Every structure is written in C-alpha cells, then in structure tokens.
Amino acid sequence: MSIGLGLTVTLRVRIGAHDAHYAGELVDGARILGLFGDVATELLIRLDGDEGLFRAYEAVEFLAPVRAGDYIEATGVITKVGNTSRAMAFEARKVVANVRDPALSPSAADAFAEPVVVCRALGTCVVPKDLQRRPRLVLPALSSPGPELVAKLPEPRPIITPPPHVIVTPPESPLVLTAAIVGAEVTRAHTPHLPITAQELADEAARCRDAGASVIHLHVRNADGTPSQSTELFGEAIARIREKTDVIIQTSTGGAVGMSVEERLGPLACKPEMATLNCGTINFGDDIFVNTRPDIRAIARRIREAGSIAELECYEVGHIHEALALVKEGLLGAPLHFQFVLGVPGAIMPSEEVVLFMRSQIPAGASWAVAAVGRYQKPMTELAIKLGGHARVGLEDNIYLEKGVLSEGSAPLVARAAAYARSLGREIVDPDRARVLLGIPTTAA
Ligand code: KMH
Ligand code: ZN
C-alpha cells in the first residue's frame, strides 16, 4: 500500500454570522469548499511536507443547508497517491445548530445525536516532485487523552440515547498493538509455529515486541500442550518473558472452556499488570464459554485485589453494557479498556457496522480495540486502526497470514498490522508509552 493512502484529517469549525450570505442566514457553498481546501492542505503537509495545490473537484454535492451558528466537521481522506497527484474524498457534517424556534431564546442550540451530511466532494491535489519533501511527516494531529483526562469517568451513556457522532480516539492517535501469542484452543496439530514452553513464549513475546506489540495477551500450556491456568506455569512464563522484553503482560482469566472460575484465577497470584475480564457468556463454537453475572463480579474483584488493570473482553454488544453495570456498582473504574472480540462461532460476526455500534456504546475516555477471529483478523484489524481504535492479532485468534499460508508465529501478524498503521500515520507505541495510555502504574512494570 502507498504511504499516505487512508490518511485522514478532520477540522471542526463554527460558521460565523459574517459567513451568512443569503436570506435566512444561509451560507455560501464556497465556504464549505474552503474548509475542504484547508483539510486538503493539511493532508498534503502531513504527507509531503508541502502545501501543494488543489487542481480540480471532480464531484461536489451540496446535501443540506448550512447556516450561521452551525458547527461543521470537515473530513478528508487520501484515496489515491500518484507520482504528483493525490486524490481525496471529502465530507462535511453539521454537528451543532441553532434551534431557530421563535418560541425559544435566539441562543438555543442543539448538539445532534447523528450528524447531518451537508456536502460531499471528490478532488485532486498536486505536489510537484521537486517540492515533495517526503519527510515521512505523517504526524498525528491530535493525541489521545492523557491519564489526567481519562481519570474521571463520566456516567455511562444511557443505552436508549442514539450514539453521538464522536470519534472516541482520533484516527491519528497512538496505537497499542496486542499480540495474543498462544491462546487455549489452537494446537500444534493446527500449526507447528505455536509457542508452548515458557522459553518459547518468551522468545515469541520478544519477537512480537520487536514487530510493534506493546502488550502480550498470555495463556500458558502444560508440557503436553493442553491449556492451563496454573500459577506456577504463568509465573515461569512471566519470568522468562521479563528476562527478554519489557512488554505489558496481560494474563487470561478466561482460560479454556470448562475450567472453573477458581482455576481460571490462577495467574492473578502473579499480580500481572493487566488481566482479562470476560463480560458475558457465549456459545463458543460447539461449547459454551460460561461467565455468569456473579462470576464476572467475582473475577472483577479479584483483578482489582491483584492490582491489575482489567481488559474488558466483549464478545457481544450486551457485554459492554454489563461492563458499564460493573462501573456503576463500583467494581470497575476508569480508565476502561474494551476489547471487542468478534467472529467467535456462535457469537456476533465482525463488520464495520458492528464495530461502529460497539464503539458508540462505550463511554468517552475509554479505549477500545478489536480482536477478530480467523479470516476476519486482517480486515478488522485494519478497520480498527483506520477508525482510531487499538488492535489485537496473533495465533490465539488466527493462524494464517494469508489463505492457506500459516503465519510463522504471531510476530508476522503484528508486523503486518504495524506496517498498515504506519501507512496511515498512526504512531505505534512502545510498552512504556502504552502503560501511560492504559493507566498502568509504572511501578508495577
Ligand atoms: N479461551 C477462551 C475460552 C481470555 O483470555 O480471557 C477465553 C479466552 C478469553 O481466551
Ligand atoms: Zn485469551
């Protein structure tokens, strides 16, 4: 993929009274095209280190009126990168408007639950070869909220409210890549590249770190390859990983289907930096992965007692709402980290609509990631990265690099996700930066 393809920039401006040109405080369409021009210029600066020139609009559609006082969000994305030309697609959305009701105060205004698209356009810009500085200047426009901003969790959004059009994490924000290197279900019969011993897990964790992962989602296996939640085996694996690399270790409390809750809690005795909290029961292939409401609460308490940060594994939309119930009950606090685990046979299948809806249900300030199973892993990883989320890849969820081609461990899958992220200008964070973003006390590292 060409560098810059998919690079996205968004501006949000208030349209002033001086912009009103026609009756009814209507604003000239050229004002919106001016915003697209600014968006295009920023895209070119980020890609080429030069402001470039707008050559032509191929299509412009004005779809709704814009009036003084409106807040307009203008987004542009690079859709094609030629030698000197950069094709772009633009969309402007109204997100706030004055009410203009004679029965109400003239200052009454509404923030829309759903934005109104006011204009769409396609255009081409040019940056002459000799002006392309190519400084690899695909820099983030905004960073995600620091711990001081996410520390205060707002009331969970009521479920009946249509989701406001808010990008929880800006698309150019830092990216946390998680590698799920072993899991509980994949066997050596499925792939010879599965790590099993503590040393193999440590070697694979280090390879994934080198490829761009800052978090290792960890299961362990008995010597015969069967899944285990033994404190001793986790302790040994963690010690070996620590000898080799500084990744955040996120231990599973899901274990394998059929394990008792007490058995699943084995790794918490190692006081991991992170631990999974599975937020509901699902059909799991032909099995049932049982997480009753009392189980979830018991595990949440034990994660907190271990001083670990919970990663909220949500296999269905309702699991998000269950996590928010735990927040209300005081069992979970900010910062919240959601992992949308999609494509488990018997549970919700991955799609853009599903990801957008799940994202719409999490509170502002929470982070989110997608872990998709099997052939969905690559497209859903790319979607999450494009939408500003985080992502999990690895053999636990998918053993293939391409159809029929086994991935030689999880590191190639991490490397591919990292390359895609870099092409969009997303910064891949190292474990220490990830600790800050995830609110993990560095003293525990
Ligand atoms: N092995 C699955 C049944 C987790 O790690 O917390 C559960 C799982 C989730 O892998
Ligand atoms: Zn797992």
Side-chain angles (χ1 to χ4, degrees), residues 177-187 190 194-196 201 204-205 208 213 215-222 225-231 233-234 237-238 241 247-268 270 272-292 295-300 302-303 306 308-316 319-320 322-323 326 332 337-348 369-374 377 390-399 410 413-414:
L177 283 176
T178 295
I181 59 177
V182 56
E185 289 78 28
V186 175
T187 68
H190 296 121
L194 190 74
I196 287 181
L201 290 167
E204 187 57 26
C208 288
V215 179
I216 298 295
H217 170 78
L218 188 67
H219 289 249
V220 296
R221 301 292 181 96
N222 295 305
T226 53
S228 168
Q229 288 291 101
S230 129
T231 304
L233 287 175
F234 267 96
I238 291 169
I241 293 171
V247 287
I248 296 167
I249 299 174
Q250 175 196 90
T251 60
S252 170
T253 66
V257 286
M259 289 179 173
S260 71
V261 169
E262 209 43 49
E263 186 180 3
R264 283 164 50 178
L265 294 177
L268 293 183
C270 304
E273 288 178 276
M274 284 191 103
T276 60
L277 178 62
N278 293 275
C279 296
T281 296
I282 47 160
N283 283 316
F284 195 89
D286 294 341
D287 299 312
I288 303 178
F289 181 34
V290 178
N291 294 285
T292 68
D295 291 346
I296 298 166
R297 282 154 181 76
I299 298 171
R302 295 282 288 272
I303 290 174
S308 305
I309 300 285
E311 187 237 30
L312 306 166
E313 301 221 337
C314 297
Y315 304 76
E316 289 287 355
H319 296 181
I320 298 173
E322 181 68 340
L326 297 189
L332 282 178
H337 306 299
F338 289 89
Q339 183 70 263
F340 305 153
V341 185
L342 307 177
V344 172
I348 202 163
V370 174
V373 171
Q377 186 172 83
H390 303 295
R392 170 175 120 180
V393 294
L395 297 191
E396 173 166 345
D397 306 322
N398 163 47
I399 59 174
S410 296
L413 298 165
V414 175

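Model, not experiment: these values are computed from the prediction. All residue numbers refer to positions in the sequence shown, counting from 1. Values reported hereafter were calculated over all heavy atoms of this structure, with side chains retained and with hydrogens, waters and symmetry mates removed. Order of listing sets the numbers, starting from 1, for every ligand and every atom in it.
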Could you give me the CA-CA distance, side-chain angles and deciding distance for Arg264 and Asn278, then say whether side-chain contact (heavy atoms from CB on, under 4.5 Å) is met? CA-CA 11 Å; Arg264 283 164 50 178; Asn278 293 275; 4.3 Å; yes
Which heavy atom of the protein is the closest neighbour of atom 10 (O) of ligand 1, given with residue, atom name and distance? Glu396 OE2, 2.9 Å
For ligand 1, which atoms, with element, lie under 4.0 Å from some heavy atom of Glu185? 1 (N), 2 (C), 3 (C)
Between Asn278 and ligand 1, find which residue part has any heavy-atom pair under 4.0 Å and reply side chain, backbone, both or neither. side chain
For atom 4 (C) of ligand 1, the closest protein heavy atom turns out to be Ser252 OG, 3.2 Å
For ligand 1, which atoms sit closer than 4.0 Å to a heavy atom of His217? 4 (C), 5 (O)
Suppose you place the vertex at the Zn ion (ligand 2); what is the angle out to His219 NE2 and His217 NE2, to 10°? 100°
Using the side chain to side chain donor-acceptor pair (under 3.5 Å) rule, pick out the option among Glu311, Arg392, Glu313 that qualifies with Gln339. Glu311
Interfacing atoms of ligand 1 (cut-off 4.0 Å, heavy-atom, Glu313): 4 (C), 6 (O), 9 (C)
Would you check whether Thr276 has a nitrogen or oxygen atom less than 3.5 angstrom from a nitrogen or oxygen atom of ligand 1? yes
Give a yes/no answer: is there an N/O/S atom of Glu396 under 2.8 Å from the Zn ion (ligand 2)? yes
State whether the shortest distance between N or O atoms of Gly255 and N or O atoms of ligand 1 falls below 3.5 angstrom. yes
Specify the closest pair of heavy atoms between His319 and Ile282, including all atoms of both residues, with the distance to one decimal. CE1-CG2, 3.6 Å
Point-to-point distance, once rounded to the nearest 0.5 Å, from OH of Tyr315 to CZ of Phe289: 4.5 Å
For Tyr315, the atoms of ligand 1 under 4.0 Å from one of its heavy atoms are 8 (C), 9 (C)
Considering only non-hydrogen protein atoms, determine which one is nearest to atom 7 (C) of ligand 1 and report residue, atom name and distance to 0.1 Å. Phe289 CZ, 3.5 Å
